[in-house]
Amino acid sequence: MKALYNDGSVKECADELKVIRHTASHVMAQAVKRLFPDTKLAIGPAIDDGFYYDFDKEGGFKPEDLESIEIEMKNIIKENLKLETYTLHRTEAIKCMSDKGEIYKVELIRDLPENATISFYKQGDFSDLCAGPHALYTKAVKAFKLTSIAGAYWRGNEKNKMLTRIYGTAFQNKEELNEHLKILEEIKRRDHRKLGKELGLFMLLDEAPGFPFFLPKGMVLKNILTSYWREIHQKEGYKEISTPLIMRKSLWEQSGHWDHYKDNMYTTVIDDEDFCIKPMNCPGAVLVYKNEPKSYKNLPLKLAEIGTVHRHERSGTLHGLMRVRCFTQDDAHIFMTSEDVQNEIKDVVKLIDRIYRLFGFKYHVELSTRPENSMGSDEDWIAATAGLENALRDMGLKYIVNEGDGAFYGPKIDFHLEDSLGRTWQCGTVQLDFQMPQRFDVNYIGADGSKHTPIMIHRVAFGSMERFIGILIEHYGGKFPTWLAPVQVKVLSVSEKSREYSNVVIKKLRSFDIRCEADDRDEKISYKIREAQLEKVPYMLILGEKESRTTNVVSVRSRDKGDIGTVNIEEFIHNLLEEIDTKK
């Protein structure tokens, strides 16, 4: 489509959707100013799945305001206002925005160089500070919807004022919009915070913001994932360790975390000395390595840790299990020689691939390179980046280069999962580190009898156990595969007469370590079945007088397939155990 650029030119723009959405954000801002003239404008960009605009309005906005804003947006679109662009010198731009009372725009302009020329876009009586590009007329916004309201600190700083952010989305036609809105409804239905509460998995309380409470069924799920993690790591030759939650501040100064990460760290004082609650597990793993002298024959050494870490996140960024202040990392640190690097990276990538495939995730890979705030020599960073890149090329894996997004101590490979709704999540990571072994004077005795510095891999597969559980809840919509389900079988007695047989069945199931519950309440069986369906239990065993009179028989109902029929209890258990063992 043709778009208007801030130099006044009109030319073809390949990213039509971005232009439409950016224009829609301006239409929304114009509608808000018409309806609520005293509202102050902040910023309003296009984003991956739509657009938003941040406003400062006394009392904020209510959900019902969205309908009024949408109606006014439709009026502006119907007017088919032409978009025009013009520029002002910095001083003129400041005066123009000051006269209009747009304090946030003034702040943005003041941050620009004194000799800067500022571009604006105008549609009718509405002008906005903007770099563009935009559609030529407001009528280009043909299919849009305002979707939600949220709080947002001005410039993302919690010390600044909380503004109101209105989100919306726009598409090229109504069919695409309607399809997207269906996905949004499904996302709401699968929200892990909603399902976590309904399924009794975890809770979030004001008494501990950002620190989730896992309930009994949630702990079952977490422990199953942990057991699976231990099983596959043991087979791959990892040795599990556990390191302290709190260590001296001097350790974090030595590791480089204090200089590069202190704003995200919690501290405390013990015996008049500064200590830090660990935000990462790596320095503890280094101390374990240093505990005994090492030879090249001991390498590669793979140290794994299910470690709890704490990181300070701004309150406005906290989101269920996806963004928390306390979480469990499925961490591992591999110490190796330079000759081991390629094979170890490949083995880690294969392990992570195996895990993601089990859960039905597709993924793409990004190679994140040296950030501005980093430590170490150019030579080390070049060698580390080449090590990761060569491993990816040797494996034939396609990857995207993410410039400047590596860890402060080394480049990394990031794995971005795609869930059943097409959303992506960054989880696994493989980081190649030359720096920490040097800072801690870590060494091994080589074949030549002299000391050498090992190279270190930092890696996680799940990433954050809490976040991965949140992703799984939404990926499966709470319908966990049988091997993962906190309750695998619900035994439903039709009447009091079948309760005794229900106890026998429960006892038999538990003897095979099958996770089960009995529902022997005085309720109609249709109500019990509906309840079990809402709890998303994989299998229901319905026991009436017929089943009670017949030895070892149960009536089976599947969560996904409905009624299966009457089967022998041993046959049901055999089939269930096979399903669990194979992790279907």
Side-chain angles (χ1 to χ4, degrees), residues 189-190 192 194-202 215-225 359-360 420 469 472-584:
R189 193 177 69 81
R190 293 184 183 219
H192 75 283
K194 172 179 172 288
L195 289 175
K197 183 177 182 179
E198 291 174 358
L199 301 178
L201 300 175
F202 66 91
L215 303 175
K217 289 180 181 177
M219 278 308 299
V220 171
L221 180 57
K222 193 174 183 181
N223 288 336
I224 295 167
L225 290 172
F359 297 100
S420 58
I469 287 171
L472 286 180
I473 293 170
E474 297 192 2
H475 178 59
Y476 293 125
K479 293 182 178 180
F480 299 108
T482 306
W483 73 277
L484 264 183
V487 178
Q488 295 164 323
V489 180
K490 199 85 179 251
V491 179
L492 313 178
S493 52
V494 175
S495 66
E496 189 175 351
K497 293 179 181 179
S498 53
R499 285 179 185 171
E500 185 177 344
Y501 183 46
S502 172
N503 293 333
V504 172
V505 171
I506 286 284
K507 187 174 181 181
K508 193 155 196 170
L509 292 171
R510 286 177 178 164
S511 71
F512 287 93
D513 293 326
I514 294 168
R515 298 185 294 276
C516 56
E517 289 181 352
D519 187 348
D520 55 6
R521 296 174 296 169
D522 290 324
E523 299 286 353
K524 291 181 179 180
I525 191 63
S526 58
Y527 177 80
K528 292 182 181 183
I529 291 172
R530 187 164 62 251
E531 287 277 291
Q533 284 285 150
L534 290 173
E535 292 169 14
K536 306 184 191 300
V537 178
Y539 291 98
M540 289 157 266
L541 300 184
I542 301 166
L543 308 182
E545 290 187 48
K546 174 186 169 185
E547 289 79 15
S548 302
R549 289 197 306 267
T550 309
T551 308
N552 286 344
V553 167
V554 292
S555 181
V556 183
R557 182 180 177 85
S558 164
R559 174 187 64 195
D560 302 314
K561 298 177 182 178
D563 287 325
I564 291 176
T566 302
V567 299
N568 182 278
I569 183 67
E570 276 79 15
E571 181 186 349
F572 171 75
I573 291 173
H574 172 79
N575 293 337
L576 182 63
L577 291 176
E578 183 181 5
E579 184 179 337
I580 293 168
D581 290 342
T582 56
K583 296 181 172 63
K584 288 182 180 177

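Just so you know, these numbers come straight off a predicted model, no measurement behind them.
We find the CG-NZ distance between Leu199 and Lys217 to be 8.0 Å, quoted to the nearest 0.5 Å. Glu535 CD to Lys490 NZ: the interatomic distance, rounded to the nearest 0.5 Å, is 3.5 Å. Atom CD of residue Glu523 and atom CG of residue Leu492 lie 12.0 Å apart, to the nearest 0.5 angstrom. Here the OG atom belonging to Ser495 is positioned 10.0 Å from the CG atom belonging to Leu543, to the nearest 0.5 angstrom. Once rounded to the nearest 0.5 Å, the distance linking CG of Leu221 with CD1 of Ile469 reads 4.5 Å. The distance from the CD atom of Gln488 to the CD1 atom of Ile580 is 4.0 Å, given to the nearest 0.5 Å.
No donor-acceptor pair closer than 3.5 Å links the side chain of Tyr501 to the backbone N or O of Ser493. Between the side chain of Lys536 and the backbone N or O of Phe480 there is no donor-acceptor pair closer than 3.5 Å. Side-chain N or O atoms of Thr582 include one that pairs as donor or acceptor with a backbone N or O of Glu578 at under 3.5 Å. Judged by distance alone, with hydrogens and angles left aside, the side-chain atoms of Arg515 form a donor-acceptor pair with the main-chain N or O of Trp483 at under 3.5 Å.
At a threshold of 4.5 Å between non-hydrogen side-chain atoms, the residues Leu484 and Leu225 count as touching. Proximity of Arg499 to Glu496: side-chain heavy atoms (C-beta onward) are separated by under 4.5 Å at one or more points. Lys584 is not listed as a side-chain neighbour of Pro481, based on a closest heavy-atom distance of 4.5 Å or more. Using a 4.5 Å cut-off on side-chain heavy atoms (C-beta onward), Val556 and Leu541 make contact. Side-chain contact check for Leu577 versus Ile514: some heavy-atom pair is nearer than 4.5 Å. The closest side-chain heavy-atom distance from Met540 to Lys528 is not below 4.5 Å.
Nearest heavy-atom pair across Gly200 and Leu215 is O-CB, 3.4 Å. The heavy-atom pair separating Leu201 from Pro486 by the smallest distance is CD2-CG, 4.0 Å. Of all heavy-atom pairs between Cys516 and Ile506, the closest is SG-CD1, 3.8 Å. When all heavy atoms are compared, the tightest approach of Gly544 to Ser498 is O-CB, 3.9 Å. In terms of heavy atoms, Ile224 sits closest to Ala485 at CD1-O, 4.5 Å.
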>> Test side chain to side chain contact (heavy atoms under 4.5 Å, CB included) on Asn575 and Val567; report intermediate values, then the result.
In response: CA-CA 11 Å; Asn575 293 337; Val567 299; over 6 Å; no
>> Does Val537 form a side chain to side chain contact (heavy atoms under 4.5 Å, CB included) with Val489? I'd like the steps, not just the answer.
In response: CA-CA 6 Å; Val537 178; Val489 180; 5.5 Å; no
> Do Asn552 and Lys508 pass the side chain to side chain contact (heavy atoms under 4.5 Å, CB included) test, and can you show the C-alpha distance, the side-chain angles, and the key distance before you say yes or no?
Replying inline: CA-CA 10 Å; Asn552 286 344; Lys508 193 155 196 170; 3.9 Å; yes
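Legend: residues meeting side-chain hydrogen bond (donor to acceptor under 3.5 Å, both in side chains) with Asp519, ordered by chain and number and at least two apart, are Arg521.
Each of Arg190, Lys194, His192 was scored for a side-chain hydrogen bond (donor to acceptor under 3.5 Å, both in side chains) with Glu474, with one residue passing: His192.
Applying the ring-ring contact (aromatic ring centres under 6.0 Å, His included) test to every pair with at least one member in residues 518-560, sequence neighbours left out, gives these pairs: Tyr539-Phe572.
Around the NZ atom of Lys583, the shell of radius 6.0 Å holds more than 12 heavy atoms that belong to other residues, nucleotides or ligands.
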